[in-house]
Amino acid sequence: MPLRLTSAPVSGIKKRKAQTQTGPRASPFAGHARSKPSVRPPGGVMSGADDHELDFDYGPLPDLGLSRHVPETTPVDSVLAALKHVRDNMFDELPARAGMKSTRIAQVLNFRRSLPPLVSVAHVHTILDAPTKVEREIMQLATAGKIRRLIVPGRGNDAAGLGDCLVPSEDWEGLVRESKLAEALKEKFIAVLGRIGNTCAVPAAAFAASEYTALFRAGFLVTSSALAKGTSSVPSLPDLPTATPFIAASRSGSTIKPSSDSVELASTQFQTSTLYLSLPNTGPYLRLLGAGRDRLMKLLRKSASSETPLTLLRDRWDGAIESERSFSVAKRARGEFAGILPGQTHKWKHLYGMSFRWVLEEAIGAGLVEIFDTGSVGPGVRAL
């Protein structure tokens, strides 16, 4: 039997035979969880982050207690400063690249200027967060005649009202002097405002019937029935008899004066009605406020738990708009998508550029949301 002197045949390396592929080759991603792709509108590009229906859901956020983010980041320390701050920050500045026509820009700016200088007491409490001090200061200012309190119905019943509001006296007088009322009536109305003090009710015998009608048409008075129904848009005129106390024109072109009986009847109707102070364009203001609150709550409820980080909620409110940051400018220079123009977002198309911070503070004051500390992703906002 021959003796093998080498182990080569034993330790030789043998190649594997290629295995025949009998079925479809498995994907390297087969073990990953499957998910449906995001739904995009016909056009391929989202109309903005504020219109996303599918967002990353953080789930319930850690809650370390209520946050003082709003009062700690608001640079005011008095009621008068708070009133000015709220009015000056209701809207964002018009961006340089607005994406709106000149007629729309003019409409936005005119609408902003037409709104009354109303600030709810709840909004003041939200940014100062010192209830006793704030109420004491409000009473002192009202007694001194520097501010006036006005009741705007709706709070507690729906999201359309403001409840107890504050208006600086000089702003109220400014609206009266800028109105189209007769000069004599302007001075008389301002004098009555000084006499009635902090009350909202106007004495029945303070004005003549024709003066009451002019004040109603200008929006400075409302009836008790309109106040009870929460009607704060264009104040409705009281029911007058067919022969009103105005000089009427006859068919022949001459003028005829109403009888003394009709004048006396109209005056009696004004004297028997309870009349309250109001401000012009309160209706458009309340409609805009209601639309802003509804929009904020809709964006907040896109999260399954109805709570989300403050920064994410702000991004949803503003939309995926262009910015002046370096990366956004570089994208525009390369011709890449860097965000949509502000004029195409809901914030500017329907809310006239309402500030996110302002509507958030209003929603907190109205008891619709609250802010809490998360300890990880900054302040969180939760629907109540």
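The figures that follow rest on heavy atoms only: side chains count, while hydrogens, waters and symmetry mates do not. Owing to the predicted nature of the structure, the values given are computational and were not obtained by experimental measurement.
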Can you find a pair of side-chain heavy atoms, one from [X] and one from [Y], that are under 4.5 Å apart?
X: Arg295; Y: Val359; result: no
X: Pro71; Y: Ile127; result: no
X: Phe189; Y: Phe207; result: yes
X: Pro117; Y: Trp172; result: no
X: Leu150; Y: Thr282; result: no
X: Leu296; Y: Leu300; result: no
X: Leu289; Y: Trp358; result: yes
X: Leu109; Y: Phe91; result: no

Is a side-chain N or O of [X] found less than 3.5 angstrom from the main chain of [Y], in a donor-acceptor match?
X: Arg104; Y: Gly99; value: no
X: Ser278; Y: Val222; value: no
X: Thr345; Y: Leu341; value: no
X: Asp164; Y: Ile151; value: no

Tell me yes or no: between the side chains of [X] and [Y], is some donor less than 3.5 Å from an acceptor?
X: Ser305; Y: Arg382; value: no
X: Ser67; Y: Asp373; value: yes
X: Arg316; Y: Ser303; value: yes
X: Arg357; Y: Thr73; value: yes

Rounded at 0.5 Å granularity, tell me how far [atom1] in [X] sits from [atom2] in [Y].
X: Leu215; Y: Leu277; atom1: CG; atom2: CG; result: 9.5 Å
X: Asp318; Y: Asp92; atom1: CG; atom2: CG; result: 6.5 Å
X: Arg293; Y: Leu368; atom1: CZ; atom2: CG; result: 6.0 Å
X: Glu170; Y: Leu175; atom1: CD; atom2: CG; result: 11.0 Å
X: Leu61; Y: Thr308; atom1: CG; atom2: OG1; result: 6.5 Å
X: His125; Y: Ile364; atom1: NE2; atom2: CD1; result: 14.5 Å

Q: Return the set of residues passing ring pair (Phe, Tyr, Trp, His ring centres under 6.0 Å) with Tyr352 (not counting sequence neighbours), or none when no residue passes.
A: Phe111
Q) How are the rings of Phe356 and Trp317 set to each other: parallel, tilted or perpendicular (split at 30° and 60°)? A)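 If you compare the ring of Phe356 with that of Trp317, the planes turn out tilted.
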Quick one: closest heavy-atom pair of [X] and [Y], and the distance?
X: Val76; Y: Ala81; result: CG1-O, 3.6 Å
X: Pro168; Y: Leu83; result: CG-CD1, 4.2 Å
X: Glu362; Y: Ser120; result: OE2-OG, 3.1 Å
X: Phe220; Y: Pro280; result: CE2-CD, 3.7 Å
X: Pro284; Y: Leu115; result: C-CD2, 4.4 Å
X: Arg148; Y: Thr199; result: NH2-O, 3.5 Å

Q: Just do the side-chain contact (heavy atoms from CB on, under 4.5 Å) check on Arg149 and Val121 with the steps written out, would you?
A: CA-CA 9 Å; Arg149 303 188 79 150; Val121 174; 3.8 Å; yes
Would you say [X] and [Y] are hydrophobically clustered, going by side-chain heavy atoms of ILVMFWY under 4.5 Å?
X: Leu80; Y: Leu118; value: yes
X: Ile196; Y: Leu275; value: yes
X: Ile190; Y: Leu279; value: yes
X: Val377; Y: Leu66; value: no
X: Leu384; Y: Val369; value: no

(Q) Walk me through whether Phe372 and Glu307 qualify under side-chain contact (heavy atoms from CB on, under 4.5 Å). (A) CA-CA 10 Å; Phe372 59 96; Glu307 60 183 38; 4.1 Å; yes
(Q) Show, in sequence, the C-alpha distance, side-chain angles and deciding distance for Arg217 and Tyr212, and conclude whether the side-chain contact (heavy atoms from CB on, under 4.5 Å) test is met. (A) CA-CA 9 Å; Arg217 294 190 182 279; Tyr212 275 121; over 6 Å; no
Q | Test log, rule salt bridge (Lys or Arg N to Asp or Glu O under 4.0 Å), inputs Lys133 and Glu137 | A | CA-CA 6 Å; Lys133 176 185 175 182; Glu137 188 174 355; 5.5 Å; no
Q) Quick one: do Glu187 and Arg177 make a salt bridge, cutoff under 4.0 Å? A)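 Judged by the 4.0 Å cut-off on N to carboxylate O distance, Glu187 and Arg177 do form a salt bridge.
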Q.
Between Asp171 and Arg87, does any NZ, NE, NH1 or NH2 come within less than 4.0 Å of an OD or OE carboxylate oxygen?
A. yes
(Q) Take a 6.0 Å sphere around CD of Glu72 and say whether it holds more than 12 heavy atoms from other residues, nucleotides or ligands. (A) yes
Q) Hey, is NZ on Lys84 packed in by over 12 heavy atoms from elsewhere, all under 6.0 Å? A) no
(Q) Set out, in order, the CA-CA distance, both residues' side-chain angles and the distance that settles side-chain contact (heavy atoms from CB on, under 4.5 Å) for Ser355 and Met90, then state yes or no. (A) CA-CA 6 Å; Ser355 167; Met90 182 175 181; over 6 Å; no
